[in-house]
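Contents: one structure, followed by commentary.
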Amino acid sequence: MQRNSVPPTNRERLLDLLRVSGTSSRIDLVEATGLTAGTISNLVRVLVEEGLVEETGRAASRGGQPRRMLQLRADSRCAVGVHFERGGIELVLTDFTGRTIGASRVDPDRRLAPARQLEAVGTRILAMADACGIAPHRVLGIGLVAEGPLDVPSGTLLANEADARWQGQPIAGLLERQAGFPVRLVPVGTAAALAERVLDGGRRQPFGVIYLASSIAAGVVHEGQVFRGADARPVELGHITVDFNGPPCPCGNRGCLSQYSSGAALAQRAASLPGLAEALGGGAGNPMADVQAIAEQATRGHPQARALWKEAARGLGHAAVSLVNLFGLETVVLAGPALAGAGDLLLAEVRSIVQASSCHRALSPVHVERSRHGPLSAAIGGALQVLCASDGTRTQEPTHRMMERS
């Protein structure tokens, strides 16, 4: 299950650098790590022998002998990302570079106990791996992404607003038993930030990511690393106060951003507006499906939908300003499935507020942009958490459920 936070090994650092850069020479790796040329050469030799790294031609000459370029061998290892969302469970399978090679979705039967719901997820993971022709020994593990609060080291979900039966469930351990691979629990914001860090390695740092779905999550990347608090706690932007006189939140605070700007809040508020509720056909009972319907009405010019969307965007904008000011960010990335539909309306409002209100705007503009990685970025980040914390070797053998399919 979980592994306590420890400094990465030199192998992990080298593999991570290659994953982010795509290709690097040995000299590039020496400069990036501060390790000696001899140490890098020995590490590369071992990784090539193990089939994890391969040479991929030579760089253009800079006046001397052209450098031999290295890259990860994409098909050498895989990882699974699972994102638990209130509207459904998204699954991805990635290769060793983090590229998605398979995806699936589970719409769990909410009448079932948590362990039975996880059994369906485990079965789907095995089916997805089979469909992609992935042998058990190539799968390093599963990154299980969930909204908090979480006890990350123990793999436990401490609370779940949508279903109290999940409170206190050791979900990482339960899924590990069902799927047969080691499982790491990952906060949503951490996963989304990790996806942006690896898949957009050239973005200037520090930058922040705000992930918009049924709930609101956030993460910050600084000096090549995703910020993690004590016990791997994430940046809880959804529980920053935007209205001191607002309603009490289950977190213990009042007037939290998530009560105004999250997908669940938007769906709930739309249902209370007779005109909009009628246009939505009474709602789908699924927060993200309802958000997409609200976004569609907003783009069509429905006044209540546009007002609701703009109010949510204002809350997000002012929360983004707080994130920028606290961490000194250069860029804010908006990600997540809630951006589908009327995401451009949201982006414009958030960008306007951030550029007008951030403390250091006179020094340099703060960029606000959309993620390029679609609604599966958190699930992809879950898989990347497994890959980036691995030196390419399995910490345990797959259990009998997967071996039966090999």
Side-chain angles (χ1 to χ4, degrees), residues 1-56 68-81 94-99 137-144 152-155 172 176 181-187 190-191 193-195 197-199 201 205 219 221-233 380-398:
M1 287 199 314
Q2 300 299 113
R3 186 177 70 175
N4 291 331
S5 178
V6 295
T9 66
N10 288 336
R11 274 178 63 116
E12 291 170 355
R13 291 174 64 197
L14 191 150
L15 292 171
D16 185 58
L17 284 165
L18 288 173
R19 187 171 292 112
V20 173
S21 67
T23 59
S24 293
S25 68
R26 290 168 176 80
I27 295 176
D28 294 331
L29 295 173
V30 168
E31 294 173 350
T33 62
L35 299 173
T36 66
T39 299
I40 289 294
S41 292
N42 288 333
L43 283 170
V44 168
R45 176 180 54 78
V46 171
L47 291 170
V48 169
E49 290 173 354
E50 293 178 2
L52 300 176
V53 171
E54 59 188 1
E55 291 190 343
T56 177
R68 293 180 182 271
M69 302 304 291
L70 303 164
Q71 66 182 14
L72 297 182
R73 184 176 165 187
D75 63 355
S76 62
R77 296 288 186 268
C78 301
V80 176
T94 73
D95 65 19
F96 200 37
T97 69
R99 182 180 64 89
H137 70 273
R138 289 169 56 194
V139 181
L140 291 170
I142 300 169
L144 175 55
V152 172
S154 72
E176 187 168 303
F181 297 114
V183 177
R184 301 175 66 94
L185 187 58
V186 189
T190 300
L194 186 56
R197 169 191 170 269
V198 174
L199 301 179
Q205 299 179 17
V221 177
H222 178 57
E223 294 184 349
Q225 299 299 318
V226 177
F227 172 82
R228 292 173 171 85
D231 296 323
R233 296 171 196 167
I380 295 169
L384 286 168
Q385 175 63 61
V386 173
L387 296 174
C388 293
S390 170
D391 65 1
T393 58
R394 295 186 308 279
T395 57
Q396 66 186 63
E397 293 298 317

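Under the 3.5 Å distance criterion, the side-chain polar atoms of Q205 are matched with a main-chain donor or acceptor of G224.
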Next on the checklist: For V53 and L15: C-alpha separation, side-chain torsions, deciding distance, then whether side-chain contact (heavy atoms from CB on, under 4.5 Å) applies.
Outcome noted: CA-CA 8 Å; V53 171; L15 292 171; 4.0 Å; yes
Item to check | Stepwise side-chain contact (heavy atoms from CB on, under 4.5 Å) test for R197 and L384 | outcome: CA-CA 10 Å; R197 169 191 170 269; L384 286 168; over 6 Å; no
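The cationic group of R19 lies under 6.0 Å from the six-membered ring centre of F96 and within 45° of the ring axis, placing it in a cation-pi geometry.
Counting only residues at least two apart or on different chains, the salt bridge (charged side-chain N to carboxylate O under 4.0 Å, His left out) pairs with a member in residues 40-55 are R11-E50, R26-E55, R45-E49, E55-R68.
You'll find the side chain of V46 stays beyond 4.5 Å of the side chain of L52, heavy atoms only. With a 4.5 Å cut-off on side-chain heavy atoms, T33 and L14 do not count as touching. You'll find the side chain of D75 reaches within 4.5 Å of the side chain of R138, heavy atoms only. When side chains are defined from C-beta on, P182 counts as touching E176, because their heavy atoms get closer than 4.5 Å. With a 4.5 Å cut-off on side-chain heavy atoms, L35 and V30 do not count as touching.
For the pair C388 and L194, the tightest heavy-atom approach, listed with the atom from each and the gap, is SG-CD1, 4.3 Å. In this structure, G382 and A191 approach most closely via the heavy-atom pair N-CB, 3.9 Å. Across all non-hydrogen atoms, the minimal contact from A193 to V221 is O-CG2, 3.7 Å. Between G155 and L185 the shortest heavy-atom distance is C-CD2, 3.5 Å. The shortest heavy-atom contact between L17 and A32 is CD1-CB, 3.9 Å.
Scanning for side chain to side chain donor-acceptor pair (under 3.5 Å) contacts around D95 gives T97, R99, with sequence neighbours left out. In this structure S24 satisfies the side-chain contact (heavy atoms from CB on, under 4.5 Å) test together with L18, S21, D28, L29, sequence neighbours excluded. Every residue meeting the side-chain contact (heavy atoms from CB on, under 4.5 Å) condition with V386, not counting sequence neighbours, appears here in chain and number order: A79, L140, R184. The side chain to side chain donor-acceptor pair (under 3.5 Å) check on T23 picks up nothing, with sequence neighbours excluded. Evaluation of the side-chain contact (heavy atoms from CB on, under 4.5 Å) rule for R233 yields A230, D231 as partners, not counting sequence neighbours.
Distance check, rounded to the nearest 0.5 Å: CD of E12 to OG1 of T393 gives 8.5 Å. To the nearest 0.5 Å, the span separating CG on D391 from CG on D16 amounts to 12.5 Å.
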